[in-house]
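Report on one structure; see the data block that follows.
Note on naming: letters A, B, ... go to the chains in the order of the sequence lines (proteins, then strands), and numbering restarts at 1 for each one.
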Amino acid sequence: MIKTDPWRRHDVRDWQRKHVVHLHRRAAFRATWAEIQRDVSDGADVAIGRLLDGKPRLGVPKTFEHVSKALGKHAVARGDVRNLQAWWIYRMLAGADPLRERLALAWHDHFATSQLKVRNLAVMHQQNEILRQQALAPFAQLLRRTAKDPALLLWLDAETNRAGHPNENFAREIMELFTLGIGNFNEADVKEAARALTGWTVRDQKFVDLDVRHDSADKVILGQRGPWRGDDLLRLLLDDPATSLRVAGRLCEEFLGAGVADEVAVAALAAGMRENGFEVRWAVETILRSELFFAKTTRNQRVVGPAEFVIGAIRALEFGKPMPRTTLLADALSRMGLGLFRPPNVGGWNGGEEWLSARALVARTNFVSGLVTGEAIGRGPLDALALVKRHGHHSDAESCIDFFSGLLFGEPLPPLDRTQIANGLTASKPDEVARQVVALLLASPAAHIS
Amino acid sequence: MLTRRSFLQSSSLGAVATAMPGLRGAAAQAPRSKGRVLVVVELDGGNDGINTVVPFADDGYSQARKKLFLKPSSLLKIDDQIGFHGSLKPFMKLLQDGQLAVVQGVAYPNPNLSHFRSRAIYYSARRDTEDHIGIGWLGRGLDARAKQHPKTSHSLYIGGGAPPIALRGHRAAASSLESLSDFTLLDAPPVMSSDAASKKRSLQELVRRNLRRADETSRRLEQLVKATKTEFSYPDVPVGKRLELVARLLRAGYEAPVFYTSHGGFDTHANQLGSHGDLLSQLATSVSTFLADMKDASLGREITVLVFSEFGRTVKENGSAGTDHGTAGPMFVAGPAVEAGVYGTTPSMTDLRNGRLKVHVDFRRVYADMLEWLGLPAAAVLGGPFRPMGVMQRA
């Protein structure tokens, strides 16, 4: 029996609109019509490379980083988490590097930290910047920077962890959630790890390592004895293969969806990561260029999260200029279950089918209704008809359905769905019809799956 | 633009499940559902029990509390040892009317001072972290009932976010609702029917099904909104609005035996005096209005309200005119089925353990009362026998 490489490359000759739309729905926030056309024409290697390099978007203003910085500062000064949420949404919507923002969101879920306990927006903002900067870096770098960042330390009570009075919260979550995962360590390891971490604390919103608080005696962690300090603990965790398995599994879930990559594939990816500097970018590239990623059995098998749903819709419809009211978008995401900077607990968001509760679906459907009228973003109505015409399509109902299904799903709708959408159109004026088509497509089951 | 009327699938779809099982029977003239109802109000953050049921006769009180000292003349004296915070007039009235039980000194052995850990203990009714597996006491209790009574073994959480672990069981369904507007579809698009040929359970099918349920839930709730209004005036604060929503749902015949909500803001590490008084006032007014509303509704169902917090607070005040995380505190049980009175020993302000109040009553003894009252298996749920406090009237 021939053993085939689970990560063998996708055949680049098989490259159509449906592959491009899939790529942007899974690894970015959808793409505009022009971006899709360009990527189909430029081929798989270039299109995927552009995404990895952080340059997939057309028309990103030169002033973006400057504006983002100002918005971030302002949000922190105002002290309302809603403004910080709005800042991040601005980045997702208007920034140049959507893959990085998708990863920042995935890392926010992984290193889940909540403003509700930390109560310090400057610190939450700083953590977010670290997650973004280190999003594609070697995992060792991401882990080290995050573990020594005030947000995580405050969230996990690191400051109460001191020699003689260990607080296990930080040690436990580092091992259980951020690196090894349950079953790959025991309670003794947690206790010893807590001792190794004594001394790490926060002073004036900065990380400090206080010798006087550190328990300097020997510890035995994961079978290794030594006078371990915090950095040593991180090294031990990073060296353990369980961590690479867990990170590889995380990335597979993020881009492929739950249960798509089997144990063999995850193990192979983890092994590859270990051989390649444990670099996240290497793993993401391997996934995105793979046959598995573009397989029919992978496409349309993953629930679209709230951020992708909301921001993707606005992007694809080219409805981002003038800038939507991002605080309204922040509220919409919260109603859909994604309170940015406020994960429900240290385990982050469960995601998957949990995004499809009745409440969340009502929120999504209401968002869609409000999007086409403009109310959901604080602007005037969407000129869907102009979009259709601008990209060379006819303005009758059938042509609108063709255009928007191509834009939003990359391929024609199943006949049953198409008929139901066509039957659902009650408007008579062409511009209303075009808007209705958009609303019906974005509220249909296919829009919640990618 | 899009109107629901044009698009509702015809009745050939058959009965559609809603996301909130209790809506099954709910309608303008719902047949009155029998059975008892427990409403849990969780005080979020750690309520300062010392300034709630005040041990004014204990010398330790004036020694420990300076800025946070409540003058005995401001208190509503229950007896010659303890008195309610002055903001708890409605609770005093409930006590006098035989509708309030006050259980003092409640917590569990070796109290944990972390919000997350202590809450997990109260939710699961298990002391050890390794037993915190995401299943809660009410979830377990309703699981036990689910086999015999599948239609009345669910709960409803009123608040933002997902239902708390207290309500999670293996089978028992817990839904959540913050306000009726959560389910108000502004413009309902057509609900896509399934491809009858595709029987297999795919993600697409799941989404279709959930969309249908969302639509159905929205419709039913819309009817409910039209059908029920309450004459009673609840405080215009979250806990008041939430209890008002529970009242409306009950009046409409919502079938859940358990409702759960929270009243937040009790983590008073600084400047406690004003905020604590307000929170207590809001609590007492909301609960007593709710009970009066339910009495007026004559539902023929007994309703009991349980009030608790994940821990109490420190004996001594801190340097910021507040208090830090503590141990024991009072639990309250209110309603017509209660055996009114004061239970347990008032924790001493001087005879302490590790500088904090001693614990006299394990909270699971009050949980045992609640579970027995609801006809759920207390020992199985609590993981062992806990002698009930006896706060409920003998049937």
Side-chain angles (χ1 to χ4, degrees), chain A residues 117 157 160 167-169 172 187 257 300-303 334-335 337 339 342 344-347 350 352-354 356-370 372-373 375-376 414-417 420-421 423-427 432 435-436 439-449, chain B residues 1-3 5-7 9 17-20 113-117 119-120 129-130 134 160-165 175-178 181-198 202-218 221 264 267 269:
Chain A
K117 176 174 172 184
D157 306 315
T160 60
N167 177 305
E168 293 174 10
N169 204 4
R172 182 184 305 281
E187 279 305 306
N300 298 314
Q301 289 305 320
R302 182 180 176 275
V303 176
S334 295
R335 282 193 292 272
R342 290 184 171 188
N345 56 53
V346 70
N350 289 334
E353 291 176 18
E354 278 200 23
L356 301 176
S357 69
R359 231 168 118 158
L361 287 172
V362 168
R364 289 179 180 216
T365 308
N366 284 342
F367 171 73
V368 168
S369 318
V372 297
T373 63
E375 278 162 51
L416 178 68
D417 292 7
Q420 292 189 57
I421 299 239
N423 291 344
L425 296 172
T426 55
E432 275 303 311
R435 267 194 285 277
Q436 268 195 348
L440 291 169
L441 287 173
L442 283 175
S444 72
H448 301 287
I449 298 171
Chain B
M1 206 185 80
L2 305 165
T3 59
R5 188 190 296 276
S6 338
F7 298 141
Q9 293 299 306
T18 68
M20 295 166 58
L113 303 179
S114 144
H115 291 295
F116 300 95
R117 294 272 184 252
R119 222 173 260 150
T129 308
E130 61 202 31
I165 286 171
S175 333
S176 69
L177 178 66
E178 175 134 45
S181 68
D182 279 1
F183 281 94
T184 307
L185 272 171
L186 301 170
D187 238 339
V191 172
M192 316 270 290
S193 63
S194 316
D195 181 355
S198 154
S202 68
L203 192 54
Q204 280 88 338
E205 273 312 300
L206 176 80
V207 179
R208 272 182 227 276
R209 203 172 58 238
N210 284 18
L211 282 169
R212 281 209 305 279
R213 283 168 85 208
D215 185 72
E216 184 66 18
T217 308
S218 175
L221 275 171
D267 194 17
H269 286 283

- Item | Over all atoms of both residues, closest heavy-atom pair of B:Ala214 and A:Ala358 | CB-O, 3.7 Å

Close side-chain approach of [X] and [Y], heavy atoms under 4.5 Å:
| X | Y | result |
| --- | --- | --- |
| A:Asp417 | B:Arg208 | yes |
| A:Leu356 | B:Leu206 | yes |
| A:Ile449 | B:Val207 | yes |
| A:Leu361 | B:Arg213 | no |
| A:Arg335 | B:Glu178 | no |

- Query: Counting N and O atoms only, with roles assigned by atom type, does the side chain of A:Asn366 sit under 3.5 Å from a partner on the main chain of B:Thr184, one being a donor and the other an acceptor?
  - Reply: yes

Please classify the contact of [X] with chain B as side chain, backbone, both or neither, using a heavy-atom distance under 4.5 Å.
| X | answer |
| --- | --- |
| A:Ala443 | both |
| A:Arg172 | side chain |
| A:Arg302 | backbone |
| A:Val303 | both |

- One should read off an interatomic distance between A:Gln301 CD and B:Ser202 OG, to the nearest 0.5 angstrom, of 7.5 Å

- Distance in Å, A:Glu353 CD paired with B:Leu203 CG, rounded so as to fall on 0.5 Å steps: 6.5 Å

